[in-house]
Protein chains: 2
Amino acid sequence: MKSLHDMPERPVPARASLDRLFELAEVLGAMMQRGVAEKGLTTARAGALWALFHGGPMTQRALATQLGVTPRNVTGLLDALQEDGLVVREAHPTDRRATLVSLTEKGGSVTSALRDGRDELAALLFADVPADRLDTFTATLAQVTERLRTVGTDGPK
Amino acid sequence: MKSLHDMPERPVPARASLDRLFELAEVLGAMMQRGVAEKGLTTARAGALWALFHGGPMTQRALATQLGVTPRNVTGLLDALQEDGLVVREAHPTDRRATLVSLTEKGGSVTSALRDGRDELAALLFADVPADRLDTFTATLAQVTERLRTVGTDGPK
DNA sequence: GCTACATAGTGAAGTCACTTCACGATATGC
DNA sequence: GCATATCGTGAAGTGACTTCACTATGTAGC
């Protein structure tokens, strides 16, 4: 006996597209991880930096909400980031329970570098995709993402 | 003082595309994890099942290579899968060091269900994308992935 | 002003995916 | 045969998560 799926898979037109999407997501993820590791970061920690970079100083709770993780987890992420001098915890001016987290100067420049890396990558990646085709591509991407989100709350798989 | 990046970001045309790509990758990843969790699996374990489904019975070493992880890690993944009765380890017929891993019947049907879920998702996701546009989309996806792979070995970020 | 309750952050403990290193059992080249 | 490479696994460790319990503080309501 051979493998368990001897019958050829019935062709589903969109399957190839989804598979390519997964493939790209995987390669992209690996690449991002590598890039971030070169700066001594992990993707989770970089995500926290990124959120602070774009959202400005905020409470740990806010950060947790924004990252979609538990407050407890944010504590750990920040411990590491603080250890590396990328982030500071200060007293919240009005709420003495809360902590205000900000990027240090070093944290800001590391995150800027991350952003520049992203832009470089983007430019490089789409360099030989003609502009009109890129527009269509991006639009489709957005459409599919939107679709996924609406379906996501009760869909299959 | 406000945040550390008061100057507006210089527009890089491809940036929006990359960002959307990341966004989709994230949502897609979350959705896949959810779907796989519904069947009592994790993405790593599902990946192992998937590899066995498509590659047929193989050695743990081979599986490790295919998954791109350490042999030691495969041991752990298989321990869990075996515990759930999805996989069996048998003696290798000619090499007594090696173990031959195969899907059980249960493992096969779970993986089939995974595949069906994928197809459903694909169909659903691209339902309202016209065929010609989908073709272009998929081609661009492939092109970018290829690009990423060649660049990946020495690129920035 | 006090009591009741919600909220902010963290310790403790646990899960899962990974890794490296060391080791025993086997295969293989010469 | 013997050196050497390979197969799988124990031990130990890291990182990202989670839940649960607890302290300190804010916010009503009366």
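To find a chain, count down the sequence lines: A is the first, B the second, and so on, and within it residues start at 1. All heavy atoms count here, side chains included; hydrogens, waters and symmetry mates do not.
Position along DNA chain C of the nearest nucleotide to B:Thr94 versus A:Asn73 favours A:Asn73 as the more 5'-ward residue. Mapping B:Arg72 and B:Leu77 onto DNA chain C via the closest heavy atom, the residue that lands nearer the 5' end is B:Leu77.
A:Thr99 comes within 4.0 angstrom of sugar-phosphate atoms only, judged by non-hydrogen atoms across all strands, and of no base. Residue B:Thr43 is classed as having no contact, given no heavy-atom separation below 4.0 Å to the nucleic acid.
With rounding to whole Å, B:Leu63 atom CG is found 14 Å from C:dA17 atom P. Remark: P of D:dG15 and CG of A:Asp84 are 10 Å apart, rounded to the nearest angstrom. Straight-line distance from the CZ atom of B:Arg34 to the P atom of D:dC17: 19 Å, rounded to whole Å. To the nearest angstrom, C1' of D:dT9 lies 9 Å from CD of B:Gln60. A straight line from CZ of A:Arg97 to P of D:dT27 spans 6 Å, rounded to a whole angstrom. When the P atom of D:dA16 is taken as reference, atom CG of A:Leu81 falls 10 Å away, rounded to whole Å. Between the P atom of D:dT14 and the CG atom of A:Asp79 lies a distance of 15 Å, rounded to the nearest Å. When rounded to the nearest whole Å, the span between CZ of B:Arg45 and C1' of C:dT15 equals 9 Å.
Closest approach of A:Thr104 and A:Gly85 over heavy atoms only: OG1-O, 2.7 Å.
Residues B:Lys106 and B:Asp84 are not paired through a salt bridge, judged by the lack of any N-O separation under 4.0 Å between the basic side chain and the carboxylate.
Among D:dC17, C:dA17, C:dT26, the nucleotide with an atom closest to any side-chain atom of B:Asp95 is C:dT26. Picking from C:dC18, D:dA16, C:dG9 the nucleotide with the shortest atom distance to the side chain of A:Ala98 gives C:dG9. Checking C:dC18, C:dG9, D:dG8 against the side-chain heavy atoms of B:Arg61 singles out D:dG8 as nearest. Checked against D:dG8, D:dA24, D:dT9, the side chain of B:Arg89 finds its nearest nucleotide in D:dT9.
Between A:Thr42 and D:dG15, a side-chain N or O to OP1/OP2 separation shorter than 4.0 Å is absent. For B:Thr70, a side-chain nitrogen or oxygen approaches OP1 or OP2 of C:dT19 to under 4.0 Å. Checking the phosphate oxygens (OP1, OP2) of D:dT9, a side-chain nitrogen or oxygen of B:Thr75 falls inside 4.0 Å.
A donor and an acceptor atom never sit less than 3.5 Å apart when one is taken from the side chain of B:Arg96 and the other from the base of C:dT26.
B:Leu21 has its side chain within reach of A:Phe137: a pair of non-hydrogen atoms, C-beta onward, lies under 4.5 Å apart. Looking at B:Asp19 and B:Glu23, their side chains never come closer than 4.5 Å, going by heavy atoms from C-beta outward.
Note that the CD atom of B:Gln66 and the CG atom of B:Leu52 stand 8.5 Å from one another [nearest 0.5 Å].
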